[in-house]
Amino acid sequence: MRWLSPLPRPVQIRDFGSFMGHFRNARSRIQGIPADRVELPAVMFERPLYYLANRLAVTGHDSDIHWPSYSSVRDYELEFACVLGRGGTDIPAADAPSHIFGYTVFNDFSARDTQLEEIATGLGLSKSKDFTGSNVLGPWIVTADEVGDPYRLTMTARINGQEVSRGTSADMHHSFADMIAFASRSTRLHPGEVLCSGTVATGCGLEHGRFLEPGDTVELEVSGLGVLRNRVVS
């Protein structure tokens with residue numbers, strides 16, 4: 001049996017940045033300063049900013065990830081996502097939870113060497129996030145009523161069976177309701193869209209200075225949502 005993504009062709013994927021600890025840790029590594037000295041732009045706290053991911057580069061649980069030939073720095077990102085069951089425009093944050101059908105685990109594979117080159121241009125992300133299988137959803141979608149409070153979930157990453165990070169969705173600065181309200185401003189959202197949480201603090205190799213090697217298996221677990229497993233084969 002071969003697992004597929006529960007949404008092989010999502011209507012849209014928006015990947016937000018809601019964990020400020022992740023950005024502090026990442027910038028700490030890049031800038032070579034302690035994380036508590038990293039100053040983040042005020043707009044990151046004011047708005048749930050996002051980028052549009054390639055909805056056609058989606059794969060599922062237990063898929064092998066063939067790394068792009070232009071990159072040699074392989075990284076994962078521990079996230080989870082809500083899936084919309086209802087669309088709308090200018091959705092109030094108070095009404096937004098009723099638009100959520102369910103939740104799933106998300107792995108935003110990232111070519112870090114390429115990403116650093118792209119960030120330096122000021123044009124945003126490109127091929128660092130856009131390659132075959134770079135967006136992994138699964139192993140399934142858990143309906144919202146089964147999840148209960150999505151802001152009390154433990155988020156764990158393992159490489160080759162060894163735990164490398166543990167965080168919590170309680171640290172999200174922006175809620176999914178905030179994301180839905182922001183994304184729907186003067187824009188119609190549609191059922192089947194995926195809104196991703198962003199990477200939990202300590203939830204990627206960049207934050208630890210430890211990246212993936214060919215043959216490594218990554219397991220991302222979010223309590224109540226399951227374990228999403230993939231192997232990097234090149």
Side-chain angles (χ1 to χ4, degrees), residues 1-19 48 50-65 76-88 91 93 95-109 129 132-158 167-172 174-184 188-200 203 217-231:
M1 182 182 72
R2 176 171 174 259
W3 286 84
L4 301 177
S5 166
L7 289 172
R9 291 293 182 268
V11 175
Q12 184 63 276
I13 301 177
R14 289 178 169 86
D15 198 1
F16 292 77
S18 61
F19 291 97
Y50 63 89
Y51 74 92
L52 296 176
N54 185 351
R55 68 182 188 87
L56 303 178
V58 171
T59 192
H61 176 68
D62 262 351
S63 293
D64 287 345
I65 306 300
Y76 62 94
E77 301 203 34
L78 171 54
E79 309 187 25
F80 77 118
C82 76
V83 179
L84 297 186
R86 296 170 51 210
I91 301 168
D95 297 338
S98 67
H99 289 254
I100 298 174
F101 169 74
Y103 300 89
T104 190
V105 187
F106 180 63
N107 189 345
D108 171 30
F109 277 109
K129 304 278 189 173
T132 301
S134 56
N135 298 311
V136 190
L137 296 168
W140 40 64
I141 299 170
V142 181
T143 54
D145 61 307
E146 292 288 343
V147 174
D149 185 354
Y151 309 109
R152 298 180 61 182
L153 307 181
T154 300
M155 304 174 68
T156 309
R158 293 182 290 272
T168 173
S169 62
D171 292 337
M172 292 173 67
H174 301 292
S175 69
F176 285 111
D178 296 332
M179 299 175 200
I180 293 170
F182 180 72
S184 69
R188 176 163 293 279
L189 302 184
H190 300 269
E193 293 200 35
V194 177
L195 283 69
C196 308
S197 67
T199 307
V200 67
T217 296
V218 182
E219 292 179 309
L220 305 184
E221 181 174 3
V222 180
S223 58
L225 303 185
V227 179
L228 184 62
R229 180 175 61 241
N230 297 96
R231 184 170 64 106

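Keep in mind that what you see is a predicted model, and the values were worked out from it rather than measured.
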> Would you call the rings of F16 and Y50 parallel, tilted or perpendicular, where under 30° means parallel and over 60° means perpendicular?
Replying inline: tilted

Looking at [atom1] of [X] and [atom2] of [Y], how far apart are the two atoms once the value is rounded to the nearest 0.5 Å?
X	Y	atom1	atom2	result
S184	H99	OG	NE2	8.0 Å
N135	E77	CG	CD	10.5 Å
L153	T168	CG	OG1	7.0 Å
M172	M179	CE	CE	3.5 Å

Can you tell if the side chain of [X] reaches within under 4.5 Å of the side chain of [Y], non-hydrogen atoms only?
X	Y	result
L84	I180	yes
V136	I65	yes
F101	T143	yes
F176	P97	no

Taking only residues two or more places apart in sequence, or in another chain, which ones meet [X] in a ring pair (Phe, Tyr, Trp, His ring centres under 6.0 Å)?
X	answer
Y76	none
F106	none
W3	H61, W140
F182	none

Using every non-hydrogen atom in the two residues, find where [X] and [Y] come nearest and quote the distance to one decimal.
X	Y	answer
D178	P48	O-CG, 3.7 Å
I141	P6	CG1-CB, 3.7 Å
P139	L225	CD-O, 3.9 Å
V194	A81	CG1-CB, 3.6 Å

For [X], enumerate each residue passing the side-chain contact (heavy atoms from CB on, under 4.5 Å) test, keeping only those at least two apart in sequence or located in another chain.
X	result
R188	T89, H190
L56	R9, N54
Y51	D15, A53, D108, L125, K129

Would the distance check show the side chain of [X] and the main-chain N or O of [Y] forming a donor-acceptor pair, the cut-off being under 3.5 Å?
X	Y	value
S18	G198	no
S169	P150	yes
S197	F80	yes
T104	G138	yes
D95	A181	no

Can you name the side chain to side chain donor-acceptor pair (under 3.5 Å) partners of [X], sequence neighbours left out?
X	answer
E193	R14
T59	S63
S98	R86
R55	none

>> Between V222 and Y103, is the side chain to side chain contact (heavy atoms under 4.5 Å, CB included) condition met? List the steps.
In response: CA-CA 10 Å; V222 180; Y103 300 89; over 6 Å; no

> Which pairs count as salt bridge (Lys or Arg N to Asp or Glu O under 4.0 Å) when at least one residue sits in residues 144-156, sequence neighbours excluded?
Replying inline: none

> Hey, mind stepping through L195 and I100 against side chain to side chain contact (heavy atoms under 4.5 Å, CB included) and telling me if it holds?
Replying inline: CA-CA 10 Å; L195 283 69; I100 298 174; over 6 Å; no

>> Taking side-chain hydrogen bond (donor to acceptor under 3.5 Å, both in side chains) as the criterion, tell me which of T217, N107, D62 meets it with R229.
In response: D62

